[in-house]
Structures are given as structure tokens and as C-alpha cells.
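Have a look at the structure below before the remarks.
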Amino acid sequence: MTDCGCDKAKRDLEEYLRNEVCSTNSADIREHLEHCASCQEEALLARTLTEAVQRACKETAPVDLKLQVMAKLRAAQATH
């Protein structure tokens, strides 16, 4: 049994979604995704998860929480 490209596509999927693979590999993965429902589902899940994490990383802590953390850090540094 030979691999239809799923192993390579899944191995390089995260890098592909972040545009971090060379153009040759990117074209191979894109072509594979066009014809493989299983890998399409995995790519959709990975893309959705990546977008959710990116949105979460843009959120900021409340100002009073930042002030409390900074005060505790300054206090810890002063005792050492």
C-alpha cells in the first residue's frame, strides 16, 4: 500500500497554513488537499484552532491586573 500524500500533508500542515513551506511543497500540499476529504477536514480544524489562538493572543489583561502583577514583581525583586 502506498501513501496517497496524506502523511506528508499532515506532517507539514501547520507550516503550510502559516506559509512556512517552500513553494514546491506548498503546491503539492494544496493539490493533495483539493482531492482528499480527510486532509481537508484536518486542515479546516487546524486553521480554525490557529485562528482562535491568534484571536485569544490579541486580548489584553485588565489594567488593574497588570498593575497587581507588576507590583508583585517589583516586591519580589526588592527582596532578592
Side-chain angles (χ1 to χ4, degrees):
M1 182 171 159
T2 60
D3 176 32
C4 66
C6 291
D7 288 342
K8 181 180 184 336
K10 289 177 181 178
R11 182 186 65 237
D12 296 335
L13 185 59
E14 293 296 323
E15 289 83 7
Y16 170 77
L17 293 174
R18 291 189 308 263
N19 297 316
E20 295 176 353
V21 294
C22 72
S23 59
T24 302
N25 286 343
S26 180
D28 290 345
I29 295 169
R30 185 174 38 257
E31 182 179 346
H32 178 79
L33 289 174
E34 289 175 5
H35 303 287
C36 181
S38 174
C39 288
Q40 287 173 9
E41 288 179 24
E42 190 157 335
L44 177 61
L45 177 63
R47 185 175 290 117
T48 302
L49 181 59
T50 298
E51 289 170 356
V53 169
Q54 288 173 339
R55 280 192 307 274
C57 289
K58 290 179 183 176
E59 294 180 12
T60 58
V63 174
D64 55 331
L65 176 60
K66 287 181 183 180
L67 294 174
Q68 290 175 15
V69 169
M70 293 305 294
K72 288 185 186 235
L73 287 173
R74 282 191 287 278
Q77 288 175 337
T79 61
H80 289 89

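In this structure Ala46 satisfies the side chain to side chain contact (heavy atoms under 4.5 Å, CB included) test together with Leu13, Glu14, Leu17, sequence neighbours excluded. Scanning for salt bridge (Lys or Arg N to Asp or Glu O under 4.0 Å) contacts around Glu31 gives an empty result, with sequence neighbours left out. Shown here are the side-chain hydrogen bond (donor to acceptor under 3.5 Å, both in side chains) partners of Arg18, two or more places apart in sequence or in another chain: Glu20. Every residue was checked against the side chain to side chain contact (heavy atoms under 4.5 Å, CB included) condition with Ser23, not counting sequence neighbours, and none meets it.
Using a 4.5 Å heavy-atom cutoff, the side chains of Leu44 and Gln40 are not in contact. Residues Ser38 and Cys6 are not in side-chain contact: their nearest non-hydrogen atoms beyond the backbone lie 4.5 Å or more apart.
Annotation: salt bridge (Lys or Arg N to Asp or Glu O under 4.0 Å) contacts involving residues 38-57, sequence neighbours excluded, comprise Lys10-Glu42.
Of all heavy-atom pairs spanning His32 and Cys39, the tightest one is NE2-SG, 3.3 Å.
Other members of the hydrophobic cluster containing Val63, listed by chain and number, are Leu67; membership follows side-chain contacts under 4.5 Å among ILVMFWY residues, whether direct or relayed. Grouped with Val53 in one hydrophobic cluster are Leu49, the linkage being side-chain heavy-atom contacts under 4.5 Å among Ile, Leu, Val, Met, Phe, Trp and Tyr residues.
Separation of atoms CG (Asp12) and CD1 (Ile29) is listed at 4.5 Å; rounding is to 0.5 Å.
Ionic pairing of Arg11 and Asp7 is not present here: no N-O contact between side-chain nitrogen and carboxylate oxygen is shorter than 4.0 angstrom.
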Cut-off 3.5 Å, no hydrogens considered: what does the side-chain donor-acceptor table look like for residues 70-78, sequence neighbours left out?
none

